[in-house]
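A note on names: the letters A, B, ... follow the listed sequences, proteins ahead of strands, and every chain is numbered from 1.
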Amino acid sequence: MSPQKRVKNVKAQNRISQGSNSFQTTLSAWKVKQGPSNSKNISKHGQNNPVGDYEHADDQAEDALQMAVEYFEKGPVKTSQNKDKTLEKHLKTVENVAWKNGLASEEIDVLLNIALSGKFGNAVNTRILKCMIPATVISQDSVVKAVSWLCVDKCSGSTKVLFYRWLVAMFDFIDRKEQINLLYGFFFASLQDDALCPYVCHLLYLLTKKENVKPFRVRKLLDLQAKMGMQPHLQALLSLYKFFAPALISVSLPVRKKIYFKNSENLWKMALLAVKQRNRGPSPEPLKLMLGPANVRPLKRKWNSLSIIPVLNSSSYTKECGKKEMSLSDCLNRSGSFPLEQLKSFPQLLQNIHCLELPSQMGSVLNNSLLLHYINCVRDEPVLLRFYYWLSQTLQEECIWYKVNNYEHGKEFTNFLDTIIRAECFLQEGFYSCEAFLYKSLPLWDGLCCRSQFLQLVSWIPFSSFSEVKPLLFDHLAQLFFTSTIYFKCSVLQSLKELLQNWLLWLSMDIDMKPVTNSPLETTLGGSMNSVSKLIHYVGWLSTTAMRLESNSTFLLHFILDFYEKVCDIYINYNLPLVVLFPPGIFYSALLSLDTSILNQLCFIMHRYRKNLTAAKKNELVQKTKSEFNFSSKTYQEFNHYLTSMVGCLWTSKPFGKGIYIDPEILERTGVTEYKNSLNVIHHPSFLSYAVSFLLQESPEERTVNVSSIQGKKWSWYLDYLFSQGLQGLKLFIRSSVHHSSIPRAEGINYNNQY
Amino acid sequence: MDSYNVPESTPSASSRPEDYSVGATPLQKRLESIRKQTSFIPTPPRRKVPQCSQLQEDVDPQKVAFLLHKQWTLYSLTPLYKFSYSNLKEYSRLLNAFIVAEKQKGLAVEVGEDFDIKVIFSTLLGMKGTQRDPEAFLVQILSKSQLPSENREGKVLWTGWFCCVFGDSLLETVSEDFTCLPLFLANGAESNTAIIGTWFQKTFDCYFSPLTINAFNLSWMAAMWTACKVDHYVATTEFLWSVPCSPQSLDISYAIHPEDAKALWDSIHKTPGEVTQEEVDLFMDCLYSHFHRHFKIHLSATRLVRVSTSVASAHTDGKIKILCHKYLIGVLAYLTELAVFQIE
């Protein structure tokens, strides 16, 4: 249900309660409340409706409906020339709204009055009655008023019949029934009308309480039966009477009769379903957490459940089965436990968390964000196991590539996976069932089917030992990775980045909470770090190979560097003792890339690595004690090596000496004379265009530009120009790693504990 | 492609092997066993030849006779939550009402309990492998006699039973709130199975999935059942292979005299009381080569879809008929194993 809709219903219910207090549900009273002068109403409406357009359309429909209702209330204007046309238009409006969204209880109140008062002709009355479909509920008072019209005999027999049929069909949607029950005698008297009899019988069947069963009524019924013969509707009522008061009825009634009332001819079958759906609707919960199924599955499945995810029902009956001799009233007034149907808000959940009645099918929590909260914090093993079993089996059953010819359920399976992923994102935690499912299904996956969902499931694998998971999952994924398109490679890298992020978040939380909870995997921090580092190295290996397969594609490199943007900040962002550098294959590809944004990203990553390593070094010095997590000197060496290469290329124009070493003889053989400065910030292929536009900006008239003229003061102006072009990574890198002295040199990180 | 090596350089701290002492929670345990299952060969390479169980002596012979010679459709079933053997009567009543309500959807249901069907829950005492296995139970739907004078039960409309034979691996991983009966067998209209299954799913939060038997497991069945000593053979040993070709698939039936099959098996079989994967493969290979010699058809290229022996017959669709009273428990043990594998 949309937020707008709900607001409307809430209002409708308010109106009902007001109406029933004063017995004044006239249209005029209601119209004033609806009027634009009511600022309170409007502001409330506005607050709850951020989406303007939608509201507008909704309002238009509402206006048209209001006009139609007013028209009917006034009655037909005799002099109007195109009376029929107007009538038809308004009727159509009412019908459309009714069948689409249902009518508010006030609207029903008014229209019901009109239909039974005989203001219009029979045909119109019939049409109005047929579309008396409630949005949510029907007020009891409307029914009482309508019945009072029956007494004055303004409407035809057929209208009466239709009204009773309507009453029976809508019985469940009438908000209260005490007043209606008081009219029992009136209804009973209507049994004498032969045309009405079957429908009145049905109504009485629904309405009868024990105290309604009186000897004179029994006698009357038996008389009717004697007169009309064995009619199923009369039998139904008689057997109900017999059930309530066996002593009063001595006639034997056939036992085998089951069908008393033919509901199949119900005019409102579809509408009733819609109303039920509306009434059931999701709890008024924060709407960003809409986890409900997108739509009801169209196919009637073998095991006649409407959707994959079971409907939320509290488990009253499994519990009650345990206790023998439980009376009905005990069942109804069960104290102590909080029924799920009443759970609407988070504070309610908190207040009743100790006595919550759990759903009979744990799978139904997937559609309920409040219960997902519950699942998330509960440590009750049976609850988790039930959910685990349900989800594992459902995934296995629904998985479309397990079975041949099961592709017709493809859409449904995709939706189901989406729901699971939404729940995982909401909880910020993966489900074990999904992990188990991936183990089983990944080897059979074609890499196409539900790709986005499947890769998202990968990114939600709960933290575990990488070496254990690798043969089950990543080895299969690698096969697909290497044989698929570049887009697939990028999506895999993306989901591995998310996986890394989820693991890091989980671990950083785990470190904080360690004294309180015992983590499911009782590992040492060293073990965990080792697992994460293995994942990073694995992705490094994948990336290096992928770069070669895709001939150094810039597009791919972006995704790879995105991954390393996460990696380089682990120490500072997640407070975890781990720094892993990228493999040379990635570093040099990025350094020699023709794309400025890649180089800029590389600079940023180097800058962050530097920050992290410096922070780690500082902590080591502070703690003095030889901690378990001192980084090896090799990490620092590696970093310094990369840094030297970068500064040598970009800044000091001394490439290939330190860092990347290339034999001078080989360089000479290339025939490039001026190789030394060819990779600095001016001549680097990805910067050259910047250098040219910088010079052109300086002196637009110049015919020939000499980029080598950027020296001295101009050099720093040029740098400022580059920074102003959005190359923030470069800026941070140069600011942190390059000494601004006459002889630029690289600022390495000293790894011998001496500065 | 590069060989994948993790450089030893990074965190110097984690020199010790990963000590993941997994097993803190049952869920963890379960995941652990799944990892093992998935990474290694799914089925153990050797099994026991089905044997007559001691416990089976307790089973009511009438009930056993009732279970034999009927075709059952197999399902796997996850553990039942809060199922209690002391409430079987109550369950009968509730299920009865549920079935009636389902069948008369949208129609007024008569008040009272005059239904034209009757549901009976009863236990199958002794139908298990070890003392730890929970008791099997039977659900029957009977039609009530039309005539009031004849107050006896009418004919059986539907039967289903739940059992667990040597289900240790599953039993270890669940708490006492659950009853593990991973194997469910049904006989009767599928619409009834659906209604009853739905009721169980709603009431005990369990999950039914059809249990199919792949060709690999059918070969195992063929070998194990051939290995059984049967006093007198009631049926020939028969295999059915399916050749997928258009417009209609071609079925190849291969019937052998059971004594010949047994003789072949005895010539292959080495360790008494045990069947190994090599023996199963060899047994099937012998059949294939014999067939090839006569018909020049490589059966190994087709798909085994049905196996029938004097002990039992099984179809790849998940249909089974047990013929031999003596090896009932043995057959159920293997089916339980398959069911447990499916729900793990």
Q | Closest non-hydrogen atom pair, B:Gln342 against A:Lys440 | A | O-NZ, 4.0 Å

Q. What distance separates A:Gln396 CD from B:Ser76 OG, expressed to the nearest 0.5 Å?
A. 7.5 Å

Q: Check B:Val174, B:Leu77, B:Asp205 against A:Tyr389 for a side chain to side chain contact (heavy atoms under 4.5 Å, CB included) and give me the one that passes.
A: B:Val174

**Q.** Side-chain (B:Gln201) to main-chain (A:Pro310) donor-acceptor, under 3.5 angstrom
**A.** no

(Q) For B:Ser84, which atoms come within 4.5 Å of any heavy atom of chain A: side chain, backbone, both, or neither? (A) neither

Q.
Counting heavy-atom pairs closer than 4.5 Å to chain B, which one of A:Thr394, A:Leu384, A:Leu206 comes out on top?
A. A:Thr394

Q | Donor-acceptor pair, side chain of B:Asp177 and main chain of A:Pro382, under 3.5 angstrom | A | no

Q) Once you round to the nearest 0.5 Å, how far does OG of B:Ser175 lie from CD of A:Glu381? A) 7.0 Å

**Q.** Close side-chain approach of A:Arg386 and B:Phe178, heavy atoms under 4.5 Å
**A.** yes

**Q.** Working for side chain to side chain contact (heavy atoms under 4.5 Å, CB included), residues B:Tyr207 and A:Glu397
**A.** CA-CA 10 Å; B:Tyr207 197 101; A:Glu397 269 302 291; 3.6 Å; yes

Q) Is there side-chain contact between B:Thr78 and A:Trp390, with at least one heavy-atom pair below 4.5 Å? A) no

